[in-house]
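Report on the following structure.
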Amino acid sequence: MKPLAVVLGSTGYIGGRLVPRLLEAGYDVRVLVRHANKLTDVPWASRVEVVTGDLEDVDSLRPAFAGADVIYYLVHSMGPPGQRRSFAETERLCAGNVARAAADAGAGRIIYLGGLHPEAAQLSKHLRSRKEVGDIFLNSPVPAVVLQAGVVIGSGSASFEMIRQLTEVLPIMVAPRWVRNKVQPIAIRDVLYYLVAAAGLQASLNRAFDIGGPDVLRYDEMMNGYAAEAGLRYRPVIALPVLTPWLASQWVNLVTPIPRSLAVPLIGSLQQNCVVGEQDIHHFIDPPGAGLLGYRESLRLALAREAAGEVETSWQNSSVRGAPSDPLPSDPQWAGHLVYQDNQEQLTTATRQQLWQVIEGIGGDNGWYSFPLAWSVRGWLDKIAGGVGLRRGRLNPTRLNTGDALDFWRVEQIDRGSLLRLRAEMKVPGRAWLEMRADEAEGGALYRQRAVFFPKGLGGRLYWLAVLPFHGVIFKGMANRITAAATSMAERSGTELSRSEE
């Protein structure tokens, strides 16, 4: 009988990569998610048991943990203030619930990926919270292994993206003094290696381990290491003491796709030297056969993966704390809400398949087919407000899957070939969706578009009224240009067919 591994955080950057490696290592895998539809298009979804539950509800965890040999906790509540409770309180509650439910279920081990931090240092709020989560597990009745990693480098990782964007955007960087701090990055490949191997450690082992790669670098050296690998010239970095972590996070939020809610914990982890304090892990787990991957080699591998379009998971698709997650009611008019809608229809001589190709390719580098300046302004306003903005982009240039991030939207539902429904994750006083359909029609296809907005309070109603004058330009123009793009595709296809017949 195979051992059972339960993964919490399977829709995140690391969890989404760990699951297939556990399957390859011979584990049965059960994943706990709040919404099962997030895994609809994940390649390994049919090979795992999917259980729905909520880490804030301890009773929903016990069935998920039944028979578990190991429980992986890969969840971090890196969100903005203003929620029902602070992120630290949420982390504390969730970790306590997991520890209690794991003990009740008789689980064999908890494995937690925490943050590398110096001892006896004034830690940032996020690092302090992650340390507290590790302590909760280490003090629970279930033996725990806490792996403490610093900057994780891999295609799609937030740390890699921040280094890349800062290096590419800024030929000369005026930076906070923490760019002179020592950092010990680790490749995502090696993080996954340790996570899988930790499940096989002796049953009684209960302790934390630091993990890191072979290189210790300053952060500015890491930036110029990226410049060298990407074929860019050397970036002079001027370190100033006046740039506080708060100001630095605002700057990162504005000049990179990384939203402020994610920039704050990333920058917070760099306020002190972030290096391995002990290497005891290798007394229990042998290093990878090929050795730990160096920083420059990690960059080369990440860049090659991205160039080949082989990014397994990305920070882009991580859940945005505080963003609406409830699906669009089947009939908004009867959902008990005030609802505003904008409906557009447009015929095209293109086939339904050609129209769908345009719909599924929307966003990212392809744009939104209507008034680019207005979309850009809306994206910048969202970034200034601490949202994700338009530059989050999309993971794949041609294909969308359920749960994918798409600029400041999230793919809520995709019926390939006919329906794409997007849920807004930008900062708005209410909840918003954008729905696009491709239907059969005589002589071609019918494009149907619907924008739905549930306002929150007076602010939501005023917001809708304020943007109402632009709807004719934005939504009508969007419908016209999407169908025009599909028609153009059909015409090109017809021309190419005629040439081939000649």
Side-chain angles (χ1 to χ4, degrees), residues 3-25 27-56 60-61 64-65 68-79 90-91 94-95 97-98 102 107 109-115 130 133-134 137 144-149 152-161 186-199 211 262 265 311-321 325 395 401-405 410:
L4 174 63
V6 177
V7 179
L8 312 179
S10 61
T11 59
Y13 175 71
I14 290 177
R17 298 187 181 212
L18 176 65
V19 169
R21 285 158 179 79
L22 288 170
L23 292 168
E24 291 169 8
Y27 288 85
D28 284 332
V29 177
R30 180 185 297 153
V31 300
L32 177 77
V33 292
R34 281 182 294 176
H35 304 288
N37 67 336
K38 285 187 174 183
L39 299 176
T40 300
D41 299 310
V42 175
W44 42 259
S46 62
R47 301 172 59 196
V48 304
E49 180 186 357
V50 180
V51 177
T52 58
D54 189 336
L55 297 184
E56 297 185 32
S60 72
L61 303 181
F65 294 171
D69 294 285
V70 58
I71 297 169
Y72 285 93
Y73 191 89
L74 305 172
V75 180
H76 300 299
S77 181
M78 297 192 297
T90 300
E91 293 255 279
C94 293
N97 285 346
V98 168
R109 177 184 305 286
I110 297 171
I111 298 176
Y112 170 58
L113 182 62
R130 293 180 75 174
V133 168
F137 291 139
V145 171
V146 176
L147 300 177
Q148 299 175 154
V152 177
I153 301 297
S155 58
S157 79
S159 295
F160 170 74
E161 191 65 26
I186 184 170
I188 180 62
R189 184 196 73 171
D190 294 330
V191 173
L192 295 169
Y193 170 82
Y194 285 125
L195 284 170
V196 173
I211 58 173
L262 191 52
V311 181
E312 285 183 71
T313 59
S314 170
W315 70 271
Q316 297 165 297
N317 286 350
S318 299
S319 297
V320 177
R321 184 170 180 245
S325 59
L395 185 61
N401 292 314
T402 304
D404 277 3
R410 177 83 57 179

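These numbers come from a predicted model, not from an experiment.
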When you measure from the side chain of [X] to the backbone of [Y], do you find a donor-acceptor pair of N or O atoms at a distance under 3.5 Å?
X    : Y    : value
R109 : A144 : no
R17  : T313 : yes
S157 : V152 : yes
Y27  : V70  : no
R21  : Y193 : no

How about [X] and [Y]: do any of their side-chain heavy atoms sit closer than 4.5 Å?
X    : Y    : answer
I14  : Y72  : no
N97  : L55  : no
V33  : K38  : no
V311 : L395 : yes
R130 : Y112 : yes
L39  : T11  : yes
E56  : T90  : yes

Please enumerate all residues that pass side-chain contact (heavy atoms from CB on, under 4.5 Å) together with D69, with sequence neighbours excluded.
P3, L4

Rounded distance [0.5 Å steps], CG in L18 versus CD1 in I188
9.0 Å

